[in-house]
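Input: a single structure, listed below in structure tokens.
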Amino acid sequence: MSGKRILLSMLGGVGMAHAAEFNFQPPASPVAHQIYDLHTLLLLITVTIFVVVFGVMFYAILRHRKSLGRQAKLFHENITVEIIWTVIPFLILVGMAWPATRAVLAQKGSRAEEMTIKITGYQWKWRYDYLDDGIGFMSHLATPAEAQRGAAAKGAHYLLEVDEPLVVPTGKKVRLLLTANDVIHSWWVPALGVKQDAVPGFVRDTWFQADRPGVYRGQCAELCGKDHGYMPIVVDARSPQDYAIWLAARKKLAAASADDPNKVWALADLKARGEKVYQQNCVACHQASGKGIPGAFPALDGSPMVTKDKPAHIDIVLNGSKKNPAMAAWGKQLSDTDIAAVITYERNAWGNHTGEVVQPKDIKAARGGKA
Amino acid sequence: MAISTTAGHAPHEHGKPAGLWRWLAATNHKDIGSMYLWFAFIMFLSGGVMALGIRAELFQPGLQFWQPELFNQLTTLHGLVMVFGAIMPAFTGLANWLLPLMIGAPDMAFARMNNWSFWLLPPAALLLLISFFVPGGAASAGWTLYAPLSTQMGMGMDLTIFAIHILGVSSIMGSINIIVTILNLRAPGMTMMKMPMFAWASLITAYLIIAVMPVLAGVVTMVLTDRHFGTHFFNAAGGGDPVMYQHIFWFFGHPEVYIMALPAFGIVSHIIPTFSRKPLFGYTSMVYATSSIAVLSFMVWAHHMFTTGMPATAQLFFMYATMLIAVPTGVKVFNWIGTMWQGAMSFETPMLFAVGFVCLFTVGGLSGVTLSVAAVDIQLQDTYYVVAHFHYVLVAGALFSLFAAIYYWFPKMTGKMYSEPLGKFHFWWSMIWFNVTFFPMHFLGLAGMPRRIPDYALQFTDFNLVASVGAFCFGLGQLIFLYNMLRSIRRGEPAPHKPWEGAETLEWQIPTPAPYHSFVEAPHVEAGENGVIRSLTGGAHH
Ligand code: HEM
Ligand SMILES: [Cu+2]
């Protein structure tokens, strides 16, 4: 960053910033509108208090100075003023509490929904299940790692883009059921006025209704581990007609890509699929090079478990690590075929050339043994 | 006044051990107070370096310096070190130094315990700092250490939990000492309602500490047993509940915020009257406001949890209770302004910091009112708006009041004057860069930037840049303070007995620098309201 740029930002740069940088994002749901207006009201009240209080204080600071030859008046009590300045703030607060209460009740009204989506937080991605339509998918950060490291240009939606957005119809009350798989995450889309924690082992609910078609972006808002900053949320709100088209296509795709668990795969096919699974789920810790991060995450390249002990390898991917909870139990998140693929990939990638193929039915058997 | 007779005979400070032993075995409240203050300052610098590590990474989008893991560790340790290492020990140190002088006591009630409570701190700090170098690194679950994330970490978390236990024991011991000293060792004539405000604030704070530190110790111990002994307090699969962690943590954590604020209120309630040359306005209502803030602070913990999904009735209860705290806090601010009103003010460094405190704390209070409204908090929780809010109350509140206190009592502590031009420079520099650092964070939060992220979307670039430049300048400015202190301790001008014209509390009645033993015989004081001394008899000291 050039010195000039810094200087500009310091001096006039704040002025160059979009107006949107100074306030909430433009609201796009009834609740978000209500929050926006409520905040504007609070801002007006607090700024007024600020001006009055600081006005009086600065008047005193400027006029009641020893250097101006003032003599202090030694009063130190006045019951009347003290009562007034206890009661007035109280009344202001009561005035605020009324609209605030209405907004809270509106936010909490998740009944009478028109569709329900279950959202599950994982370290570090989201899963969306459309409970009424039987489809579901994972949603991952789509910004390439090179852009984060400065090796590639940063696009307009840097860190706020995903491979699979949540698609919803406009004008429909969408109820969200939230839970998490590992730690607490929080699903937040500012323009829709929703922020709700996803707590592992419990189901919470909230709702939104998008006013108009558009793409709304948000992020996980609860510290959830090392890639907390990399779990964006994208909601793509479409008109009911467009939504219906998308839904039909999506259902067809789901039917077509359903795996036959008994299929016997060739090494090359399984390895190619495994590479994709690895990219989406494993690189964050073990790195694309398979070298891990020394001291924190073990290398897979050349690891004795990956090159020799196949049962242990399958076990740790399915059930997670007993020693280090950072290694998740992927059995809960991935299908037998995906797990077989990623294990096959790991056993044949980088410097590992075992030539072994792990088939989906091996995984199924391993799961059976672990019931 | 009998008190000034010491000026006559030579300062034979008998019973004063020499060399290293003086510090290791210190039982003297002034020595211990000084050690606490130096310790806190070192921790402030360490925590500050971590903050600069965070701000360096956030200077521009992309990952420049740290891995995300290390970034989270820096954030976590910055918070823990500032809260438990810097601010709390600094207030305890100040209380140690000043309380016996203010209330006419010979020393703290339990001098030996005072030594232990200090010497627990360095090992705890070491545990925190070495945790960066153990496998897996330091704790990285935020200073709140939320489960179940905290049950996932490596051994850095165990070290942190152990450190918290030690720090907790230390602060409870310190608090017991403060309470017993204030309740039992006041000089004859100094009734509770004639006690200086700082004594009141320290007393109430000490009760808060005793009430909540065991709660914190309990909850981190539960994390520890979840981690190693197969309990499932916070694991739903075993019948536990992760949200219960938050309830217990914030039952500690919210009063903790006031543990860092009430002593600050006490300090400025001394400084503003002194430099306004007027008694404190509304002493009685200050005492009541302080107590009611303390009581209310136990009833609002769940306002940190509005997004966890509690029922509407609970949200409403915690929202109303939180808004209510604004009333006594407002009373305090109005009383300070009432004290300045029609005074004859002068603006030496302590007064600058005290007025700076009132201004910025008010800003933090007003953003706090905004956050208290649950519906709006849904948008702001866990964003940079909250980071701005709590730094307005913690940096501009706790830290500025501490600077004010050090400058104010420096002459009494050391017998030397600090350099006024450097002090003023330190104030204006800090004031400007503080605002440059933290004000833009309000905008970042409103626009949707989550906190605790190492990298961010492009629309947050400008304000992050401004905040980072501000932070580095602010950090640099603290070296001015260090220089001023060291310089003045070595070769400052000798200070007069009462350097501030308007200072009327008991600690200004004894010689400067305060002698090694404070009041060997209790003086009899005739005190007016808020600790102003009307007349004084007896009270030998050596
Ligand atoms: C001197 C300048 C300071 C700077 C530049 C600074 C900066 C920061 C930054 C950038 C964060 C990270 C925010 C986030 O990502 O959530 C942070 C967090 C925090 N700071 Fe400071 N800080 C300073 C002083 C203090 C002081 C004096 C305290 C006193 C108690 C304090 C307490 C905290 C706490 C409790 C957190 C939260 C840590 C967490 O998220 O777990 N800071 N600070
Ligand atoms: Cu998350």
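Computed from a predicted structure; not experimentally measured. Below, chain A is the first sequence line, B the second, and so on; all start at residue 1. Hydrogens, waters and symmetry mates play no part in the numbers below; they use all other heavy atoms, side chains included.
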### Task
Answer with side chain, backbone, both or neither: which region of Phe334(B) has an atom nearer than 4.5 Å to a non-hydrogen atom of chain A?
both

### Query
Please walk me through it: do Ile293(A) and Glu69(B) pass side chain to side chain contact (heavy atoms under 4.5 Å, CB included)?
CA-CA 11 Å; Ile293(A) 295 178; Glu69(B) 303 78 301; 3.5 Å; yes

### Message
Under 4.5 Å from any heavy atom of chain B, what part of Asp227(A) do you find: side chain, backbone, both or neither?
### Response
side chain

### Query
Restricting to pairs with a member in residues 57-73 of chain A, which pass salt bridge (charged side-chain N to carboxylate O under 4.0 Å, His left out), not counting sequence neighbours?
Lys66(A)-Glu501(B)

### Query
Heavy-atom distance under 4.5 Å to chain B: side chain of Gln71(A), backbone, both or neither?
backbone

### Query
Is Lys226(A) close enough and on-axis enough to Trp124(A), meaning under 6.0 Å and within 45°, for cation-pi?
yes

### Query
Is it the backbone or the side chain of Val199(A) that comes under 4.5 Å from a heavy atom of chain B, or both, or neither?
side chain

### Query
Are side-chain N/O atoms of Gln379(B) and Trp188(A) paired as donor and acceptor at under 3.5 Å?
yes

### Interface moiety of Thr151(B) toward chain A, non-hydrogen atoms closer than 4.5 Å
backbone

### Query
Could you state the interatomic distance from CZ (Arg277(B)) to CG (Leu74(A)), rounded to the nearest 0.5 Å?
12.0 Å

### Summary
Under 4.5 Å to a heavy atom of chain A? For Ile337(B) that would be side chain

#### Entry: Pairs of heavy atoms under 4.5 Å with chain B: top-ranked of Tyr59(A), Phe54(A), Trp85(A)
Trp85(A)

### Task
Can you tell which part of Thr383(B) gets under 4.5 Å to a heavy atom of chain A, answering side chain, backbone, both or neither?
side chain

### Message
Using a 4.5 angstrom heavy-atom cutoff, name the option from Thr86(A), Leu38(A), Thr101(A) with the most pairs to chain B.
### Response
Thr101(A)

### Task
Measure distances from Asp241(B) to the heavy atoms of chain A and classify the residue's part below 4.5 Å as side chain, backbone, both or neither.
both

### Message
Any donor-acceptor pair under 3.5 Å linking the side-chain atoms of Gln123(A) with those of Gln152(B)?
### Response
yes

